[in-house]
Amino acid sequence: MIVARNILLAELTGARVHCQHISSAGSVALLRDAKKRGVPISGEACPHHFVLTDATIAGSAKFWAEDGKDLFGYKAGEQPSCRTTTQISR
């Protein structure tokens, strides 16, 4: 919704707008369409915005056993935890 709003503002005012931290395919599609129409807008994403999902951070055993084993001071066998959707809804 924010990307769509930014596109409308850029289109209305002619001001150049840069959208940061794009993390969804829908936002990318909106930006592509706007650029094709000549709207002065751009966007960017960093790998951690679309790679480090809640599932990865909350305990993907494969991630922590391989790529994440030395991150943030966690030792082998330790994994960070967060509440799951089920726990939040209770």
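Both backbone and side-chain heavy atoms feed into the values below; hydrogens, waters and symmetry mates do not. Computed from a predicted structure; not experimentally measured.
The shortest heavy-atom contact between G14 and P40 is O-CG, 3.6 Å. Pairing each heavy atom of N6 with each of C19, the nearest pair is ND2-SG, 3.6 Å.
Atom CD of Q20 and atom SG of C46 lie 8.5 Å apart (nearest 0.5 Å). Atoms CD1 and CG, on I2 and L30 in that order, are 12.0 Å from each other to the nearest 0.5 Å. Rounded to the nearest 0.5 Å, atoms CG (L31) and CD (E44) are 10.5 Å apart. Considering CZ of R5 and CE of M1, their distance stands at 10.0 Å, rounded to 0.5 Å. Interatomic distance, L12 CG to I7 CD1, rounded to the nearest 0.5 Å: 13.5 Å.
Residues forming a salt bridge (Lys or Arg N to Asp or Glu O under 4.0 Å) with R37 (at least two apart in sequence, or on another chain): E11, D33.
Residue pairs satisfying the ring-ring contact (aromatic ring centres under 6.0 Å, His included) criterion with at least one member in residues 4-42, sequence neighbours excluded, are listed as follows: H21-H49.
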